[in-house]
Amino acid sequence: MSQWPIGVFTSVDAGLGVRLDVVEELKIPTVQIHAPHQETRTEQTAKDFLQKCKNAGIEVTCVFGGFEGESYASIAETVKTVGLVPQETRAARAQEMKEIADFAKLLGVQTVALHIGFVPEDRNGDDYKGLLEVTRDLLDYIKKNGQQLNLETGQETADHLLEFISDVDRDNLFINFDPANMILYGTGDPIEALKKVGHLVRSIHCKDGTWAPEGERGTAWGCEVALGQGDVGMETYLRTLKEIGYTGPLTIEREIPEDRDQQKADVGAAVSLLEELRSKIL
């Protein structure tokens, strides 16, 4: 794979990913995918999807987990419902994440990823220790598959994310860096954060956003926008990726509903922007 191939977030049959036929039309060579629904996480589904990707010249680089009951309606709802943090769903979701990793193995993909949720602040508390335990168990399981887990940024500060990864103490835990999420959640300047966590970044999203009003950051959402139209600063972002030695895919994530024409327009513009910046920087 060449340095910084363009990628996009898509799905088999779940999530807000860009349609695969749009990916094919735009000749994008790599994808991260949202894991399919449980009933379609089968060997045949994997075989069929891989054939489609092969026909289109697409490589799958990462499989993302997501769970029933997660809600991003507000930051408060996200705290309560997302990832492995909520105690009432933690065990079942950890088991499902193992099944997603097994599906990723059927695809020949060595990287799985997820939003783990809002990691508790109290590192001595039972909730935090329980999250450590379930994360270690998941990592030990997927290591047997020859896989690593990338945690997506945004719901913690860079410092707290580093603390958590250090406390988990496993060598197959890394970061999927999403700069817009730092802005959307109000958890810190994305460029400063990238410099702090860069040694652990193994996959990234190219996504843009604007800050919530001053006083509301961390309690009200910022706004996700088309690439290059937000507050991330794409040229600075890519230059920082070069500084930290990141050479993997530049995976576009555009969180818009199932509107094919809008997806193609926004993702096509993002591809053009990234290709222009890539040729300027590399």
Side-chain angles (χ1 to χ4, degrees), residues 9 14-15 32-35 38 41 61-72 75 77-105 107 109-178 181-182 185 187-188 193-194 196-205 248:
F9 196 95
Q32 293 182 358
I33 68 165
H34 192 283
Q38 193 166 26
R41 257 180 249 137
T61 62
C62 178
V63 178
F64 259 82
F67 309 106
E68 287 293 325
E70 291 184 316
S71 171
Y72 292 88
I75 289 180
E77 276 296 301
T78 306
V79 172
K80 283 192 264 183
T81 65
V82 166
L84 302 182
V85 170
Q87 292 186 42
E88 62 275 13
T89 55
R90 184 178 290 165
R93 288 178 175 181
Q95 176 58 35
E96 185 170 3
M97 198 64 208
K98 291 176 183 178
E99 295 167 11
I100 288 168
D102 289 341
F103 180 78
K105 186 180 179 182
L107 294 172
V109 176
Q110 295 177 333
T111 301
V112 291
L114 83 162
H115 273 296
I116 200 161
F118 281 77
V119 175
E121 289 290 333
D122 181 5
R123 294 167 71 191
N124 295 310
D126 290 342
D127 197 16
Y128 185 86
K129 290 176 181 176
L131 184 62
L132 287 180
E133 186 178 329
V134 79
T135 306
R136 287 170 182 151
D137 178 66
L138 173 59
L139 287 160
D140 293 343
Y141 181 90
I142 69 171
K143 189 167 187 176
K144 293 173 186 173
N145 283 348
Q147 293 169 319
Q148 66 185 40
L149 176 68
N150 293 0
L151 301 182
E152 178 147 2
T153 52
Q155 295 167 350
E156 291 76 44
T157 64
D159 290 334
H160 193 40
L161 183 60
L162 289 175
E163 288 172 346
F164 179 70
I165 291 173
S166 176
D167 289 343
V168 171
D169 193 25
R170 292 294 187 271
D171 62 5
N172 58 332
L173 182 59
F174 297 101
I175 289 171
N176 182 86
F177 193 85
D178 186 318
N181 282 351
M182 307 298 295
Y185 287 95
T187 47
L194 179 56
K196 282 184 178 180
V197 305
H199 60 293
L200 292 172
V201 170
R202 296 295 183 273
S203 58
I204 63 126
H205 286 162

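Any value given below was found using the heavy atoms of this structure, including those in side chains, with hydrogens, waters and symmetry copies removed.
Side-chain atoms of Leu84 and Phe67, non-hydrogen and from C-beta on, do get closer than 4.5 Å to each other. Between Gln155 and Val119 the shortest side-chain heavy-atom distance does not fall below 4.5 Å. For the pair Leu149 and Asn172, the minimum side-chain heavy-atom distance is 4.5 Å or more.
A distance of 10.0 Å separates CG of Leu114 from SG of Cys62, quoted to the nearest 0.5 Å. The structure places NE2 of His160 at 8.5 Å from CZ of Phe164, a figure rounded to the nearest 0.5 Å. Interatomic distance, CG of Leu173 versus CD1 of Ile165, reported as 5.0 Å (0.5 Å rounding). Taken from CZ in Arg136 to CG in Leu131, the straight-line distance is 10.0 Å, to the nearest 0.5 Å. Note that the CZ atom of Phe177 and the CG atom of Asn150 stand 13.0 Å from one another [nearest 0.5 Å]. Remark: Glu121 CD to Glu163 CD distance equals 8.0 Å, nearest 0.5 Å.
Between the side chains of Gln87 and Asp127, at least one donor-acceptor pair of N or O atoms lies under 3.5 Å. Side-chain contact of His205 with Glu152: a donor-acceptor pair under 3.5 Å is present, judged by distance alone. A donor atom on one side chain and an acceptor atom on the other are found under 3.5 Å apart for Asn176 and Ser203. In this model, no donor atom of one side chain and acceptor atom of the other lie less than 3.5 Å apart for Gln38 and Glu96.
When all heavy atoms of Gly66 and His34 are compared, the closest pair comes out as CA-NE2, 4.0 Å. Across all non-hydrogen atoms, the minimal contact from Ile100 to Gly65 is CD1-CA, 3.7 Å. When every heavy atom of Ala104 is checked against every heavy atom of Val63, the shortest pair comes out as CB-CG2, 3.7 Å. Heavy-atom minimum distance, Met97 versus Ala113: CE-O, 3.4 Å. Across all their heavy atoms, Thr81 and Pro86 have their closest contact at C-CG, 3.8 Å. Contact detail for Ile142 and Ala101: the closest heavy-atom pair is CG2-CB, 3.5 Å.
Other residues, nucleotides and ligands contribute more than 12 heavy atoms inside 6.0 Å of the CD atom of Gln95. Sparse packing is recorded around CD of Glu68, with 12 or fewer heavy atoms of other residues, nucleotides or ligands lying under 6.0 Å away. The environment of Asp126 atom CG is sparse: at most 12 non-hydrogen atoms of other residues, nucleotides or ligands sit within 6.0 angstrom.
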Practice problem: Show your working on side-chain contact (heavy atoms from CB on, under 4.5 Å) between Phe174 and Thr111 and close with a plain yes or no. | Solution: CA-CA 10 Å; Phe174 297 101; Thr111 301; over 6 Å; no
Quiz item: Between Asp137 and Lys98, is a salt bridge (Lys or Arg N to Asp or Glu O under 4.0 Å) present by the stated rule, with each step listed?
Solution: CA-CA 10 Å; Asp137 178 66; Lys98 291 176 183 178; 2.7 Å; yes
Practice problem: Could you please spell out the steps behind the side-chain contact (heavy atoms from CB on, under 4.5 Å) verdict for Val201 and Leu194? | Solution: CA-CA 8 Å; Val201 170; Leu194 179 56; 4.0 Å; yes
Quiz item: Going through the distances and angles, do His199 and Leu162 end up as a side-chain contact (heavy atoms from CB on, under 4.5 Å)?
Solution: CA-CA 11 Å; His199 60 293; Leu162 289 175; 4.0 Å; yes
Quiz prompt | Criterion side-chain contact (heavy atoms from CB on, under 4.5 Å) on Arg202 and Ile175, from CA distance to verdict | solution = CA-CA 6 Å; Arg202 296 295 183 273; Ile175 289 171; over 6 Å; no
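Not one N or O on the side chain of Thr157 forms a donor-acceptor pair closer than 3.5 Å with the backbone of Thr187. A donor-acceptor contact shorter than 3.5 Å is absent between the side chain of Asn145 and the backbone of Gln147. Judged by distance alone, the side chain of Arg170 and the main-chain N or O of Leu139 form no donor-acceptor pair under 3.5 Å. Side-chain atoms of Ser71 never come within 3.5 Å of backbone atoms of Glu77 as a donor-acceptor pair (strictly under, hydrogens ignored). With hydrogens and angles disregarded, a donor-acceptor distance shorter than 3.5 Å links the side chain of Arg93 to the backbone of Gly83.
The pair Glu88-Lys80 does not meet the salt-bridge criterion, since no charged nitrogen lies less than 4.0 angstrom from a carboxylate oxygen. By the 4.0 Å N-to-carboxylate-O rule, Asp102 lies too far from Arg41 to be salt-bridged with it.
Proximity of the aromatic rings of Tyr185 and Phe118 is defined here by a centroid distance below 6.0 angstrom, and this criterion is met.
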